[in-house]
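Worksheet for the structure shown next.
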Amino acid sequence: MQINHEHPVLGQMKLYDHEQVVFCNDNATGLKAIIAVHNTVLGPALGGTRMWNYSNELEALNDVLRLSRGMTYKSSVAGINLGGGKAVIIGDAKKIKNEALLRRFGKFINSLGGKYITAEDVSMNSRDMEIINMETKYVSGIPEAMGGSGDPSPFTAYGVYVAMKASANEKYGSDSLKGKKILVQGLGNVGGHLVEHLSKEGAELFLYDINQERVKELVSKFKATAADPATMFDLDIDIYSPCALGATVNDYTLEKLKCQIICGAANNQLEDEVKHGETVMKKGILYAPDYVVNSGGIINVYYELDKYNRDRALNHTEKIYETTRNIFQVSKSENIPTYLAANHLAEKRIQAIAGVKVKF
Ligand code: NAD
């Protein structure tokens with residue numbers, strides 16, 4: 001996303017079609033936050049709060065606008081009745097995050113009357129959600145003990161797993177991942193659960209994480225092979241599963257990668273959506289779009305909003321299989337990259353439902 005210095009706020013809102021952006025300041029607690037509501041056609045704008053020590057306000061604004069728009073697309077394709085929103089709190093969580101700041105932030109969320117619902121994101125945890133919940137009911141991702149849905153990672157991992165099966169079906173004509181050589185990068189909450197599904201199915205696993213202890217633990221538990229970061233993109237693999245950071249599908253890795261499928265949990269996997277989305281297509285690599293694949297978490301949170309039912313959330317997560325196949329179909333029939341096919345699908349649903357809502 002480009003920063004338009006002449007029109008840094010309204011110019012960018014217009015460009016990406018944001019409905020509302022709220023700037024929050026409180027001198028007493030040191031709170032500086034931005035809440036972005038991108039689109040509420042499908043429902044209230046849900047998206048996590050990220051706390052980060054941004055180097056300047058434009059960087060924070062850019063992040064919240066980009067992320068909130070992403071949430072609109074994610075929820076639309078996931079077939080849930082949520083719009084897209086996101087919030088950022090500017091500052092070092094280790095230094096300034098405390099009860100008063102979070103409660104003040106909760107009051108700002110409350111003032112939006114339910115148009116924005118928050119959740120966890122970077123530097124925010126379920127305890128923080130409990131504190132925000134003291135000032136507003138518009139919070140999700142609260143612990144199970146408090147009636148919430150708890151950790152969304154198992155759902156996210158399950159969604160990645162079914163999307164990988166859909167990708168295998170598209171590429172190899174069968175859902176089976178047995179014997180497939182899979183590199184999983186990032187063995188955290190999602191990566192760990194994913195590795196368990198893949199191991200049960202008999203995949204041959206290559207694992208990498210910057211946390212060496214975690215690699216050792218999972219290599220021994222699942223009889224996998226530890227991947228060397230210096231050579232892991234040269235490995236002769238079938239599937240690459242990025243489950244750590246974004247932007248790992250880039251000029252450097254695409255030069256090396258020999259896989260046929262990219263399917264993982266990380267957000268914003270394509271360093272440059274347009275350029276690398278087209279390159280993967282040209283190279284014959286099937287890219288399962290990240291926000292479709294990793295929507296199990298938001299699907300789970302969605303069911304938390306109305307009498308949480310784990311089975312319903314799991315059934316809905318399973319639909320990621322069909323959605324992924326549908327996207328591959330559109331990509332093939334329109335000869336467009338898969339990321340674009342996903343975007344079109346998201347936009348189509350929003351337009352269709354917007355039409356329904358104005359008719360009485
Ligand atoms: P996590 O923090 O539990 O795990 C991330 C793991 O990646 C950690 O083990 C960390 O050591 C490792 N890591 C960090 N930098 C790395 C690097 N350069 N190379 C290799 N490993 C590295 O996070 P998570 O909840 O498992 O999420 C993983 C990814 O999926 C993130 O990008 C997240 O945004 C995305 N995601 C998560 C969810 C969810 O439900 N948790 C939902 C949607 C998307």
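Nothing here was measured: the structure is a model prediction, and the numbers come from that model. Read the numbers this way: they start at 1 and go in the same order the structure lists the ligands and their atoms.
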So which heavy atom in the protein is nearest atom 13 (N) of ligand 1, and how far is it from that ligand atom? I210 CG1, 3.6 Å
Measuring from K165:NZ to L177:CG, what's the distance to the nearest 0.5 Å? 5.0 Å
Looking just at side-chain N and O atoms, do Y138 and N133 make a donor-acceptor pair shorter than 3.5 Å? no
Assess the residue pair D17 and K14 against the criterion (salt bridge (Lys or Arg N to Asp or Glu O under 4.0 Å)); give the C-alpha distance rounded to whole Å, side-chain angles, the decisive distance to 0.1 Å, and a yes or no. CA-CA 5 Å; D17 212 6; K14 187 164 183 226; over 6 Å; no
If you have a sec, work out which protein heavy atom is nearest atom 43 (C) of ligand 1 and how many Å separate them, to one decimal? N294 O, 3.6 Å
Would you indicate which of A244, G191, A265 comes nearest to atom 32 (O) of ligand 1 when only heavy atoms are counted? A244
When you measure from atom 39 (C) of ligand 1 to every protein heavy atom, which one gives the shortest distance, and what is it? T156 OG1, 3.5 Å
Less than 4.0 Å between a side-chain N and a carboxylate O, is that true for R325 and E322? no
Would you call the rings of Y73 and H38 parallel, tilted or perpendicular, where under 30° means parallel and over 60° means perpendicular? tilted
Tell me whether the centres of the aromatic rings in Y240 and F233 are closer together than 6.0 Å. yes
Contact bool for atom 2 (O) of ligand 1 (protein heavy atom, d < 4.0 Å): no
For atom 4 (O) of ligand 1, tell me which residue out of A227, G188, G297 has the closest non-hydrogen atom. G188
Row check, Y172 ring normal vs K180 NZ/CZ: under 6.0 Å, within 45°: yes
Atom 23 (O) of ligand 1 within contact range, any protein heavy atom under 4.0 Å: no
Provide the number and element of each atom of ligand 1 under 4.0 Å from a heavy atom of N267. 32 (O), 34 (O), 44 (C)
Parallel, tilted or perpendicular: ring planes of Y158 versus Y161, cut at 30 and 60 degrees: tilted
State whether F105 and R103 meet the cation-pi test: NZ (Lys) or CZ (Arg) under 6.0 Å from the six-membered ring centroid, and within 45° of the perpendicular axis. no
Does only the side chain of L245 get under 4.0 Å from ligand 1, or the backbone, or both, or neither? Count heavy atoms. side chain
Per atom 37 (C) of ligand 1, closest listed option by heavy atom (V293, L194, V190): V190
Ligand 1 to S153, heavy atom cutoff 4.0 Å, flagged ligand atoms 40 (O), 41 (N)
Determine, considering heavy atoms only, which of N211, D209, N300, V301 sits nearest to atom 11 (O) of ligand 1. D209
Per-residue contact class, C243 against ligand 1 - non-hydrogen pairs under 4.0 Å: backbone
For ligand 1, which atoms sit closer than 4.0 Å to a heavy atom of G186? 7 (O), 21 (N)
What I want to find out is whether R104 reaches E135 closely enough, with some N-O distance under 4.0 Å, to be called a salt bridge. no
Under a 4.0 angstrom heavy-atom cut-off, which atoms of ligand 1 come close to Y208? 19 (N), 20 (C)
